Amino acid sequence: AKMHKYLLYNPVEPEELPTLKELNTVEICKVWSGMSRHIYRQLLKKKAVDIGFGSFAVIPAHANVAEGKVLPVERPVFIMNKTLKMFYNLEADETKIPEDIPVVQPDFEDIAAHIHFRHEIVEQCVQETLLYFAGTLRENKEVEFNFR
């Protein structure tokens, strides 16, 4: 049900982003780098992480090494939520998370402990960033979301 708050019929108003207004850029980056490390640790444990907008996962793939030689590899991917994709009329390949990979929610308390923030702040910062991101999708704006 978390994802439904990112299906926007109306533009995002500044008052819907109170935490982002309070934090400075350095702090927001700190939250997302904490989030990034957390996701990375989950991927190493063979789990996928659903952030509400979609899921980060590592999926099996094949790399062509030499003539006729194929090497099984693992590829990190971000798979956008299907409902969101349809709602915003976005194109993306139909990648699926394999059945045997458990999908978990981010552990905001764990992330907060690592970066010494209150977990409410971390959770709200992440959700408001995604809300802002959804707003840019709604308005069809070009947006670059770099994520290590």
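What you see is a predicted model, and the numbers here were worked out from it, not measured in a lab.
- In this structure Lys21 satisfies the side-chain contact (heavy atoms from CB on, under 4.5 Å) test together with Pro14, sequence neighbours excluded.
- Contact detail for His119 and Phe108: the closest heavy-atom pair is CB-O, 3.7 Å.
- With Glu139 contributing its side chain and Thr136 its backbone, the two residues share no donor-acceptor pair below 3.5 Å.
- Here the side chains of Lys96 and Lys82 are in contact, with some heavy-atom distance below 4.5 Å.
- Contact between Pro106 and Asp50 at its shortest, heavy atoms only, is CD-O, 3.1 Å.
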>> Does Val49 form a side-chain contact (heavy atoms from CB on, under 4.5 Å) with Ser55? I'd like the steps, not just the answer.
In response: CA-CA 5 Å; Val49 185; Ser55 301; over 6 Å; no
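- Residues Pro60 and Pro72 are not in side-chain contact: their nearest non-hydrogen atoms beyond the backbone lie 4.5 Å or more apart.
- Rounded to the nearest 0.5 Å, atoms CZ (Arg37) and CD1 (Ile111) are 10.0 Å apart.
- Of all heavy-atom pairs between Gly34 and Ile115, the closest is CA-CG2, 3.9 Å.
- The only member of Phe87, Tyr132, Phe133, Phe78 that meets ring-ring contact (aromatic ring centres under 6.0 Å, His included) when paired with Phe53 is Phe133.
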>> Test salt bridge (charged side-chain N to carboxylate O under 4.0 Å, His left out) on Glu74 and Lys46; report intermediate values, then the result.
In response: CA-CA 11 Å; Glu74 293 187 311; Lys46 302 267 186 274; 3.6 Å; yes
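- In terms of modelled atom types and a separation under 3.5 Å, the side chain of Ser36 and the main chain of Trp32 share no donor-acceptor contact.
- Annotation for Ile101: hydrophobic cluster partners, listed by chain and number, are Ile59, Val77, Ile79, Ile97, Val103 (ILVMFWY side-chain heavy atoms under 4.5 Å, direct or chained).
- Between Val12 and Glu128, every side-chain heavy-atom pair lies at or beyond the 4.5 Å cut-off.
- Rounding to the nearest 0.5 Å gives a distance of 8.5 Å between CD1 of Ile121 and CD of Glu27.
- Val73 and Leu43 fall into different hydrophobic clusters, where Ile, Leu, Val, Met, Phe, Trp and Tyr side chains are chained together by heavy-atom contacts under 4.5 Å.
- When side chains are defined from C-beta on, Leu23 does not count as touching Lys30, because their heavy atoms never get closer than 4.5 Å.
- Residues Leu8 and Leu131 are in side-chain contact: their nearest non-hydrogen atoms beyond the backbone lie under 4.5 Å apart.
- Residue Arg41 holds its CZ atom at 7.0 Å from NZ of Lys45, rounded to the nearest 0.5 Å.
- Judged by distance alone, the side chain of His116 and the main-chain N or O of Ala112 form no donor-acceptor pair under 3.5 Å.
- Surrounding CG of Asn89 are at most 12 heavy atoms belonging to other residues, nucleotides or ligands under 6.0 Å away.
- In this structure, Val70 and Val65 approach most closely via the heavy-atom pair C-CG2, 4.3 Å.
- Here Glu94 pairs with Lys85 in a salt bridge; the nearest charged N to carboxylate O distance falls below 4.0 Å.
- Side-chain atoms of Gln127 and Lys5, non-hydrogen and from C-beta on, do get closer than 4.5 Å to each other.
- Residues that satisfy the side-chain contact (heavy atoms from CB on, under 4.5 Å) test with Asn140, not counting sequence neighbours, are absent from this structure.
- Asp107 and His38 form no side-chain donor-acceptor contact under 3.5 Å, judged by distance and modelled atom types alone.
- Nearest heavy atom pair, residue Pro11 against residue Glu16, reads O-OE2, 3.8 Å.
- The distance from atom CD1 of Ile51 to atom CD1 of Ile39, rounded to the nearest 0.5 Å, is 5.5 Å.
- Checked by atom type and distance alone, the side chain of Arg138 pairs as donor or acceptor with a backbone atom of Tyr9 at under 3.5 Å.
- Taken from CG in Asn24 to SG in Cys29, the straight-line distance is 9.0 Å, to the nearest 0.5 Å.
- Here the side chains of Leu84 and Leu137 are not in contact, with every heavy-atom distance at 4.5 Å or above.
- In terms of hydrophobic clustering, with Ile, Leu, Val, Met, Phe, Trp and Tyr side chains grouped at heavy-atom distances under 4.5 Å, Val126 and Tyr40 are assigned to different clusters.
- Atoms CD and CD, on Glu123 and Glu109 in that order, are 9.0 Å from each other to the nearest 0.5 Å.
- For Glu120, the CD atom sits in a packed shell: over 12 heavy atoms of surrounding residues, nucleotides or ligands are nearer than 6.0 Å.
- Phe56 is not listed as a side-chain neighbour of Gln42, based on a closest heavy-atom distance of 4.5 Å or more.
- A continuous path of Ile, Leu, Val, Met, Phe, Trp and Tyr side chains, each step under 4.5 Å between heavy atoms, connects Tyr6 with Leu90, placing both in one hydrophobic cluster.
- In terms of heavy atoms, Asn81 sits closest to Gly52 at ND2-O, 4.4 Å.
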